Amino acid sequence: MRPLPLSFYARPAAVVARALLGQRLISTVGGAPCALRIVEVEAYIGPDDPACHAFEWHRSPRNESLYGRPGLLYVYFTYGMHWCANVVTEREGFPAAVLLRAGEPLEGLAAMRRRRHRAKDTDLASGPAKLAQALGISRAHDGHVLARAPVWIAEGPPVLAHRRGTSVRIGVRLGADRLLRYFERGNPHVSPPRG
DNA sequence: CTTGAGATGTTT
DNA sequence: AACATCTCAAGA
């Protein structure tokens, strides 16, 4: 399927986050095509956001991709064993991104189950590290342009506002006042809490 | 359904 | 010491 234009990502991170709900995330890592419908995301927005990895313009080899052009993948390693995938947004030089938190499996279920050992379908990609693992995304894909293989996003039916839920971001202490998590309400592939 | 602990390594 | 997490086991 045809990738979204890179101009899609050159907007405020919260706008891109909401627009990403319902889009199709595709991976051909490892050869087998896999596709997820994006059902949960979070925005991390710039040097004033204490939960953003680039708070106060912090810059290091780890988060270099955050400062790149919109449409790049920012992949980071966390908790000693997990990878998480973000989409860089806004403009080059301004660090803002959308964390891809959960997806509903559409294609390539066998390959995703292989990478996710014993997972039920609602456990294949219902969390950021699960999603990255299901699609085979890791360090090798940090800085990859989301407009070509092996990872890209194609157009899908958007999640309309009345089906959308909003909450604080999961697992963050600083910046916990901001409502920057967006998800499709009631979808069992969203990570808890699903309300 | 919930809670709690352990795994594991990079960054601060 | 904290961390944008997951899994398993145990309890309600």
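Numbered from 1 within each chain, the chains take letters A, B, ... in sequence-line order. In this text the structure is predicted, and so the values were computed from the model without any measurement.
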Any A:Arg173 side-chain N or O less than 4.0 Å from OP1/OP2 of C:dC3: yes
Among C:dA4, C:dC6, B:dT11, which nucleotide has an atom closest to any side-chain atom of A:Leu99? C:dA4
To the nearest 0.5 Å, tell me how far A:His53 NE2 sits from A:Glu64 CD. 14.5 Å
In whole angstroms, how far is the P atom of C:dC3 from the OH atom of A:Tyr44? 12 Å
Student check: side-chain heavy atoms of A:Leu131 and A:Arg101 closer than 4.5 Å: no
Taking a pair as Watson-Crick or G-U wobble with both distances under 3.5 Å, which nucleotide is matched to B:dT10? C:dA2
Looking across every strand, which nucleic acid part, if any, lies under 4.0 Å from A:His117 by heavy atom: base, sugar-phosphate, or nothing? nothing
Polar side-chain atom of A:Asp49 near backbone of A:Phe55 as donor-acceptor pair, under 3.5 Å: no
If I take atom CZ in residue A:Arg181 and atom P in nucleotide C:dA4, what distance separates them, rounded to the nearest angstrom? 16 Å
Step by step, work out the side chain to side chain donor-acceptor pair (under 3.5 Å) result for A:Arg18 and A:Tyr182. CA-CA 6 Å; A:Arg18 293 187 289 262; A:Tyr182 306 105; 3.1 Å; yes
Separation of C:dA4 atom P from A:Arg178 atom CZ, nearest Å, is 15 Å
Answer yes or no for A:Arg181 and A:Phe183: cation-pi contact, defined as NZ/CZ to six-membered ring centre under 6.0 Å and angle to ring axis within 45°. yes
Spacing of A:Asn63 atom CG relative to C:dA4 atom C1', expressed in whole Å: 13 Å
Report yes if a side-chain nitrogen or oxygen of A:His53 is closer than 4.0 Å to either non-bridging phosphate oxygen (OP1 or OP2) of B:dT11; otherwise report no. no
Whole-Å distance between C:dT7 C1' and A:Lys120 NZ? 12 Å
Just checking, any donor-acceptor pair under 3.5 angstrom between side chains of A:Gln133 and A:Arg115? no
What nucleotide, of C:dT7, B:dA7, C:dT5, holds the atom closest to the side chain of A:Met81? B:dA7
Among B:dT11, C:dT5, B:dG9, which is the nearest nucleotide to the side chain of A:Arg101? C:dT5
In whole angstroms, the gap separating P of B:dT10 from NE2 of A:His58 amounts to 15 Å
A:His82 side chain, from C-beta outward: closest of C:dA4, C:dC6, B:dT12: C:dC6
Between B:dT11 atom P and A:Glu64 atom CD, what is the distance in whole Å? 13 Å
Contact class for A:Ala51 vs. all strands (heavy atom < 4.0 Å): base, sugar-phosphate, or nothing? base
Picking from B:dT12, C:dT5, C:dT7, the nucleotide nearest the side-chain atoms of A:Tyr79 would be C:dT5
Of A:Lys130 and A:Gly80, the one whose closest DNA chain C nucleotide lies more 5': A:Gly80
Candidates B:dT11, C:dT5, C:dA4 - which lies nearest the side chain of A:Val172: C:dA4
OP1 or OP2 of C:dT7 less than 4.0 angstrom from a side-chain nitrogen or oxygen of A:Arg116, does that happen here? yes
Nearest whole angstrom, please: distance from the P of C:dT7 to the CG of A:Leu124. 10 Å
Of the candidates C:dT7, B:dT12, C:dA4, the side chain of A:Tyr76 sits closest to C:dA4
